[in-house]
2 protein chains.
Amino acid sequence: MQRVFEALANPARRRILAYLAHAELSAGDIASRFDMAKPSISQHLSILESAGLVSSEKRGQFVFYRLVPESLTNTLHGFVQEVCPVARPLKRESAALARKDDETP
Amino acid sequence: MQRVFEALANPARRRILAYLAHAELSAGDIASRFDMAKPSISQHLSILESAGLVSSEKRGQFVFYRLVPESLTNTLHGFVQEVCPVARPLKRESAALARKDDETP
DNA sequence: TATATACTTAGGTATATTCCTAATTACCAA
DNA sequence: TTGGTAATTAGGAATATACCTAAGTATATA
């Protein structure tokens with residue numbers, strides 16, 4: 001939880017998550033979208049990964065990164081639930097949606 | 001948005017939000033729950049306030065802080081929506097809930 | 001094998017964050 | 001007015017973060 005919020009505090013890392021929302025991307029693909037040195041992006045990716053927000057897989061020379069969407073929604077949902085009791089029913093709805101999503105890929 | 005995520009990155013500030021979920025509290029009430037100097041808490045409160053997550057009102061000698069729940073849910077919802085398209089329908093559901101909530105206070 | 005490409009690790013620097021103590025401001029009450 | 005309580009502002013030190021360049025590892029290809 002702490003790691004997730006720390007990870008989200010940086011705009012470059014949130015942008016990386018947004019890129020990964022649409023497709024799996026290699027570290028180089030991601031880096032090329034930023035005006036920043038590759039090692040910096042690599043570091044951001046490792047922070048996102050140790051927060052559990054993304055996962056990586058090496059294929060050949062490339063390392064592909066993808067989103068772990070549950071970890072984001074679970075953490076944020078859990079927190080919002082704690083702070084804003086109003087939002088509590090959303091969790092059930094979220095679970096229902098997740099099931100629906102499994103059925104129709 | 002940046003300010004909200006920065007504010008949430010600190011565990012003391014998240015804990016303050018959790019306290020304020022249940023009731024409005026004075027700065028001193030909040031500080032007394034922490035093993036931390038009062039000025040540090042005051043600073044955390046000002047960070048939360050400039051992020052729009054809490055609001056304050058001075059009454060006599062006391063400054064009372066309260067949650068601004070919409071700002072939290074809106075920011076997090078907006079972000080999750082951008083990153084996890086799966087969660088998109090939640091927004092409509094959230095709006096419906098908000099309306100319901102208005103009707104039955 | 002030699003060379004190029006993809007990526008990470010290592011090390012260093014500038015800046016930001018988080019905490020503290022001391023001082024200040026604002027309000028209440030004797 | 002004087003003294004006490006509540007809270008913030010000011011200033012400073014320790015630590016963490018975010019970036020860079022240079023060097024290293026691993027894989028593909030000529």
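Convention: sequence-line order gives letters A, B, ...; per-chain numbering from 1.
For B:Lys38, whose side chain is taken as the heavy atoms from C-beta onward, the closest listed nucleotide among D:dT21, D:dT17, D:dA6 is D:dA6. With distances taken from any side-chain atom of A:Pro39 to the nucleotides C:dT17, C:dT9, D:dT8, the minimum falls on C:dT9. Each of D:dT8, D:dT21, C:dC19 was ranked by its minimum atom distance to the side chain of B:Met36; first place goes to C:dC19. Side-chain proximity of A:Gln43 to the nucleotides D:dA6, D:dA18, C:dC19 is greatest for D:dA18. When distances are taken from the side chain of A:Gln61 to each of C:dT18, D:dA28, D:dA26, the shortest belongs to D:dA28. Distance from the side chain of B:Asn10 is smallest for C:dT18 among the nucleotides C:dC7, D:dA22, C:dT18. Comparing C:dC7, C:dA10, D:dT27 by their nearest atom to the side chain of A:Lys58 picks out D:dT27.
The existence of a salt bridge linking A:Glu6 and A:Arg13 is excluded, since no basic side-chain nitrogen approaches an acidic carboxylate oxygen closer than 4.0 Å.
As a whole-Å value, the separation of A:Glu6 CD from D:dT15 P is 17 Å. Separating the CD1 atom of B:Ile47 from the C1' atom of C:dC19 is a distance of 11 Å, rounded to the nearest angstrom. The interatomic distance linking A:Phe64 (CZ) with C:dT8 (P) rounds to 12 Å, in whole Å. Taking atom CD of residue A:Glu49 and atom P of nucleotide C:dT8, one finds them 9 Å apart after rounding to whole Å. Between the C1' atom of C:dC19 and the CG atom of B:Asp35 lies a distance of 12 Å, rounded to the nearest Å. Atom CD1 in B:Ile30 sits about 9 Å away from atom P in D:dA7, given to the nearest Å. Rounded to whole Å, the distance from CD1 on B:Ile16 to C1' on D:dA7 is 14 Å. Atom CD1 in A:Ile41 sits about 15 Å away from atom C1' in C:dA6, given to the nearest Å.
Looking at A:Glu49 and A:Ser56, their side chains do bring a donor and an acceptor atom within 3.5 Å of each other. Of the N and O atoms on the side chains of B:Ser71 and B:Asn74, not one donor lies less than 3.5 Å from an acceptor on the other residue.
Checking the phosphate oxygens (OP1, OP2) of D:dA7, a side-chain nitrogen or oxygen of B:Ser26 falls inside 4.0 Å. A:Ser40 has no side-chain polar atom (N or O) that falls below the 4.0 Å cut-off from OP1 or OP2 of D:dC19. Look at B:Tyr65 and you'll find a side-chain N or O under 4.0 angstrom from OP1 or OP2 of D:dT8. Between A:Arg13 and D:dA18 there is a side-chain polar atom (N or O) within less than 4.0 angstrom of OP1 or OP2.
Residue B:Arg33 qualifies as enclosed at atom CZ: its count of foreign heavy atoms under 6.0 Å is above 12.
Along DNA chain C, the nucleotide nearest to A:Ser46 and the one nearest to A:Phe62 differ in position, and the one closer to the 5' end is contacted by A:Phe62. Toward the 5′ end of DNA chain D lies the nearest nucleotide of B:Asp29, the other residue of the pair B:Asp29 and A:His44 mapping further downstream.
As judged by a 4.0 angstrom heavy-atom cut-off over every strand, A:Ala27 is placed among residues touching the sugar-phosphate backbone only.
A donor-acceptor distance shorter than 3.5 angstrom exists from the side chain of A:Gln2 to the backbone of B:Ala9, with no hydrogens or angles considered.
A heavy-atom distance below 4.5 Å is found between the side chains of B:Val68 and B:Glu70.
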